[in-house]
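Working notes, structure below.
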There are 2 protein chains.
Amino acid sequence: MTKRISIRDVALRAGVSVTTVSHVLNDTPGKRISDETRARVRQVADELSYRPNSVARSLRLQRSQILALVSDEIATTPHAGQIILGAQEAASKRGWLLMLVNSGGDRETERAEIRALQQRQVDGFLYATMYHQVVEVPAELADSPVTLLDARSDDPRIPSAAPDEVQGGQAATQLLLDRGHRRIGLINNFHDIPATEGRLEGYHRALRQAGIQPDDGLVMRERSDAVGGYRAGLAMLDHYPRPTAIFCFNDRMAMGLYQAAAERGLRIPEDLSVVGFDNQELIADGLRPGLTTVALPHYEMGAWAVETLIRRIEDPGTPSEQVLLRCPVIERGSVTPPGARPSG
Amino acid sequence: MTKRISIRDVALRAGVSVTTVSHVLNDTPGKRISDETRARVRQVADELSYRPNSVARSLRLQRSQILALVSDEIATTPHAGQIILGAQEAASKRGWLLMLVNSGGDRETERAEIRALQQRQVDGFLYATMYHQVVEVPAELADSPVTLLDARSDDPRIPSAAPDEVQGGQAATQLLLDRGHRRIGLINNFHDIPATEGRLEGYHRALRQAGIQPDDGLVMRERSDAVGGYRAGLAMLDHYPRPTAIFCFNDRMAMGLYQAAAERGLRIPEDLSVVGFDNQELIADGLRPGLTTVALPHYEMGAWAVETLIRRIEDPGTPSEQVLLRCPVIERGSVTPPGARPSG
DNA sequence: TCCGGCTGACAAAACGATTGGGCAGACATG
DNA sequence: CATGTCTGCCCAATCGTTTTGTCAGCCGGA
């Protein structure tokens with residue numbers, strides 16, 4: 001392992017001082033250095049393929065160009081990848097790096113991890129939680145720039161990005177309305193998380209805008225997995241008059257609904273249209289027919305959070321924003337107009 | 001934002017030199033400092049809640065206690081979370097931090113990212129690829145400690161961790177044999193990746209050990225998704241004599257097989273036992289009945305890779321090892337003895 | 001008294017960058 | 001010739017640690 005090239009080596013070989021090398025390579029404004037010298041320094045740096053040591057620079061500048069993503073268990077969820085990817089690519093595009101830490105939900109390890117990161121001179125934090133919700137930011141982070149991910153704070157000074165659940169629920173329902181459905185069921189989640197209420201509200205809004213009075217008999221709540229979807233599905237399909245379309249809280253529940261429909265001898269989409277939520281490709285692509293669903297903007301959230309965080313680190317005056325990102329509908333094959341004959 | 005406490009502050013307040021504080025807090029061996037002074041220093045450090053600045057330490061020590069996980073697209077795959085989580089927790093347990101970078105598969109950005117990380121004094125690299133395979137380590141990494149993840153190298157000096165596909169295939173097949181099945185089909189992947197061949201070999205081995213001559217008519221190859229599983233499933237179920245059990249290359253194909261079985265009016269597991277691979281919980285838990293499958297040791301791979309890497313950083317003499325990690329069978333409800341009556 | 005050895009600490013030099021404040025020399029001006 | 005201004009560059013301090021080498025004081029032995 002050969003010794004790493006330092007700025008001193010470049011200076012020596014170019015016959016100038018370390019100062020000059022630094023000024024040249026950083027294009028320090030207001031410093032007068034002849035074009036000749038500039039060229040020579042640059043060439044030598046190139047020849048030696050000199051790369052400045054970021055640790056030394058961090059120490060001197062008191063900033064590291066490193067962001068930390070700390071989360072409870074987010075790395076465990078199926079979508080984690082997209083959040084992390086969005087954050088990582090956004091950081092990398094701007095020359096920043098990303099550190100990853102997860103606390104497993106334990107508040108005490110969380111504090112310890114955050115302190116470790118602060119000792120590393122991390123410049124800012126992304127704080128992400130598993131289910132988007134109102135969140136108490138750890139006291140340790142009070143002095144550091146923070147952006148929330150898939151969560152928001154009561155404190156408006158803390159920027160955050162989360163999915164627009166209401167818009168997503170409305171879009172899903174609107175799609176069914178646009179195809180001509182009037183009796184549209186909702187198989188909702190049992191737990192009171194923001195997604196549950198948001199999607200319900202979106203469903204209601206779409207119906208009302210279409211002049212349809214929401215019918216509580218068409219809304220069920222169950223465990224948010226395939227078994228829950230199956231049970232609620234059976235109940236709803238046996239309900240009379242049966243809905244021609246059902247919007248499911250998520251794709252897992254939709255998967256259960258497919259099973260229930262098969263059991264009742266109903267074909268999708270001819271006899272029943274289905275829309276899911278989450279765009280879990282494993283499920284949505286795997287079902288027959290493919291599941292039309294609503295995608296969560298995970299990648300976008302990660303990217304937005306990083307961009308916002310960097311902006312606020314570089315210019316602390318930037319106003320805080322709490323955004324809700326659009327959830328787009330992803331069409332596959334589980335929606336047709338009611339009473340439609342199979343097309344092919 | 002109050003000024004951070006430095007070692008100088010501690011020294012000042014304890015009435016000793018910076019040197020002494022350092023010795024005390026690091027328990028530098030061979031340094032004589034009275035118990036009295038030790039106690040005082042520690043107490044002051046505590047009072048001020050002093051945390052050494054790791055950047056300065058990294059600069060001085062020329063090591064950062066930071067590992068980098070660089071991957072092509074691994075963060076995109078559904079399992080990424082587990083690998084990352086395993087790596088992160090193992091690192092954290094030892095006081096190390098993890099940086100994350102992914103190249104999107106582009107060799108050029110990969111080089112750039114690696115250089116950026118080396119400028120940051122990263123002490124070692126985990127290099128992970130999407131599908132485990134023999135891999136050429138980028139030249140940039142030649143001088144740094146590296147461990148491969150979900151991949152291996154032709155160079156035995158580079159340690160690696162990957163799933164033991166053969167053992168996994170064998171375990172899946174053995175489970176079916178143990179339940180009394182003799183005609184066991186295999187719906188394999190179309191692509192020649194290590195998983196394809198490994199799982200096939202495991203299947204063959206288990207059959208031979210049970211004294212069964214493998215029948216090529218019972219092995220099909222298809223696209224490794226639900227559609228592929230569906231098509232191969234139909235073909236295999238129409239095959240005569242029909243197998244009583246089928247081992248699928250992965251859970252997605254098994255999902256397709258469920259659909260094919262339903263279409264032929266066959267019940268799982270009464271009429272057909274099914275074993276998958278990957279333990280994609282979204283699918284395996286979502287199907288009815290739950291899918292018995294083989295889990296990939298993603299978490300363990302991440303953890304093992306970090307432990308190995310750290311060991312080799314701290315003691316470069318540690319011999320290199322290329323390990324294959326066990327893939328355990330996860331039983332759910334898709335396997336019964338052939339011809340069994342439904343139990344309840 | 002002088003010397004050697006031990007104890008308990010400290011000063012200063014790194015590590016590799018950035019940056020504020022000089023300081024020579026060239027040239028113009030009066 | 002003295003003075004002033006500008007150009008082009010460099011010195012040295014700094015960021016917060018670790019570590020090497022040194023040193024004052026004390027005690028015991030000759």
Side-chain angles (χ1 to χ4, degrees), chain A residues 1-42 44-45 48-66 116 118-123, chain B residues 1-42 44-45 48-66 116 118-123:
Chain A
M1 177 123 58
T2 55
K3 190 89 192 60
R4 274 197 55 183
I5 310 279
S6 89
I7 196 173
R8 229 178 299 271
D9 302 316
V10 178
L12 226 61
R13 175 122 155 207
V16 297
S17 75
V18 165
T19 306
T20 302
V21 175
S22 173
H23 288 329
V24 170
L25 296 184
N26 293 323
D27 273 327
T28 314
K31 287 297 171 178
R32 299 155 311 204
I33 293 161
S34 69
D35 290 350
E36 206 177 347
T37 307
R38 283 184 192 278
R40 187 152 29 93
V41 168
R42 274 194 234 281
V44 169
L48 302 181
S49 62
Y50 163 68
R51 318 254 167 229
N53 179 328
S54 319
V55 174
R57 175 181 274 161
S58 295
L59 180 58
R60 178 63 234 251
L61 263 30
Q62 300 289 66
R63 52 191 187 79
S64 58
Q65 302 241 107
I66 295 178
Q118 283 169 334
Q119 286 182 47
R120 289 322 209 277
Q121 302 266 59
V122 161
D123 290 334
Chain B
M1 175 128 54
T2 56
K3 188 89 192 65
R4 275 196 53 182
I5 309 278
S6 89
I7 196 174
R8 225 178 300 270
D9 302 316
V10 178
L12 226 60
R13 173 122 157 208
V16 297
S17 75
V18 165
T19 307
T20 302
V21 175
S22 173
H23 288 328
V24 170
L25 297 183
N26 294 323
D27 270 327
T28 314
K31 287 296 171 178
R32 298 158 311 206
I33 292 161
S34 69
D35 289 350
E36 206 179 345
T37 306
R38 283 184 192 280
R40 188 153 29 94
V41 167
R42 273 196 234 283
V44 169
L48 302 180
S49 61
Y50 164 67
R51 318 257 167 226
N53 178 328
S54 317
V55 173
R57 174 181 275 160
S58 294
L59 179 60
R60 177 64 233 246
L61 262 30
Q62 300 288 66
R63 55 195 186 75
S64 57
Q65 302 240 106
I66 296 178
Q118 283 169 333
Q119 288 182 47
R120 290 317 210 283
Q121 301 266 59
V122 160
D123 290 334

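Numbers restart at 1 for each chain; the letters A, B, ... are given by sequence-line order, proteins then strands. A quick note: this is a predicted structure, and the numbers were derived from the prediction, not measured. Every heavy atom of this structure was used, including side-chain atoms; hydrogens, water molecules and symmetry mates were not.
- Atom CD1 of B:Ile7 is separated from atom P of C:dA11 by 14 Å (rounded to the nearest Å).
- To the nearest angstrom, P of D:dG16 lies 15 Å from CZ of A:Arg63.
- Within 4.0 Å of B:Ser58, counting heavy atoms only, lies no atom of the nucleic acid at all.
- Here A:Ser6 does not reach the OP1 or OP2 of C:dG16: none of its side-chain N or O atoms lies under 4.0 Å away.
- Atoms CG (A:Leu12) and P (D:dC10) sit 12 Å apart, rounded to a whole Å.
- Across A:Ser58 and B:Val55, no two heavy atoms sit closer than the pair CB-CG1, 3.9 Å.
- Taken residue by residue, residues 19-34 of chain A places heavy atoms nearer than 4.0 Å to DNA chain C at A:Thr19, A:Ser22, A:His23, A:Asn26, A:Lys31.
- The interatomic distance linking B:Glu36 (CD) with C:dG8 (P) rounds to 10 Å, in whole Å.
- Looking only at side-chain heavy atoms (C-beta outward), B:Asp123 and B:Ile66 stay at 4.5 Å or farther from each other.
- Distance OH/A:Tyr50 to CG/A:Asp9: 9.0 Å, rounded to 0.5 Å.
- Remark: A:Asp27 engages A:Arg42 in a salt bridge, criterion side-chain N to carboxylate O under 4.0 Å.
- Counting heavy-atom neighbours within 6.0 Å of B:Arg63 CZ, excluding the residue itself, gives a total of 12 or less.
- One interatomic measurement links the two molecules: CZ of B:Arg57 to P of D:dT18, which rounds to 5 Å at whole-angstrom precision.
- Between the CG atom of B:Leu59 and the C1' atom of C:dA17 there is a distance of 8 Å, rounded to whole Å.
- Comparing D:dG16, C:dT18, D:dT18 by their nearest atom to the side chain of A:Val18 picks out C:dT18.
- Phosphate proximity of C:dG8 to B:Thr37: absent, as no side-chain N or O sits under 4.0 Å from OP1 or OP2.
- Considering only heavy atoms from C-beta on, B:His23 comes within 4.5 Å of B:Thr19 through its side chain.
- Look at CZ on B:Arg40: it is 13 Å from P on C:dG8, rounded to the nearest Å.
- Minimum interatomic distance between B:Arg38 and B:Val24 (heavy atoms only, all atoms of both residues): O-CG1, 3.9 Å.
- Between B:Gln62 and C:dG16, a side-chain N or O to OP1/OP2 separation shorter than 4.0 Å is present.
- One interatomic measurement links the two molecules: CG of A:Asn53 to P of C:dT18, which rounds to 10 Å at whole-angstrom precision.
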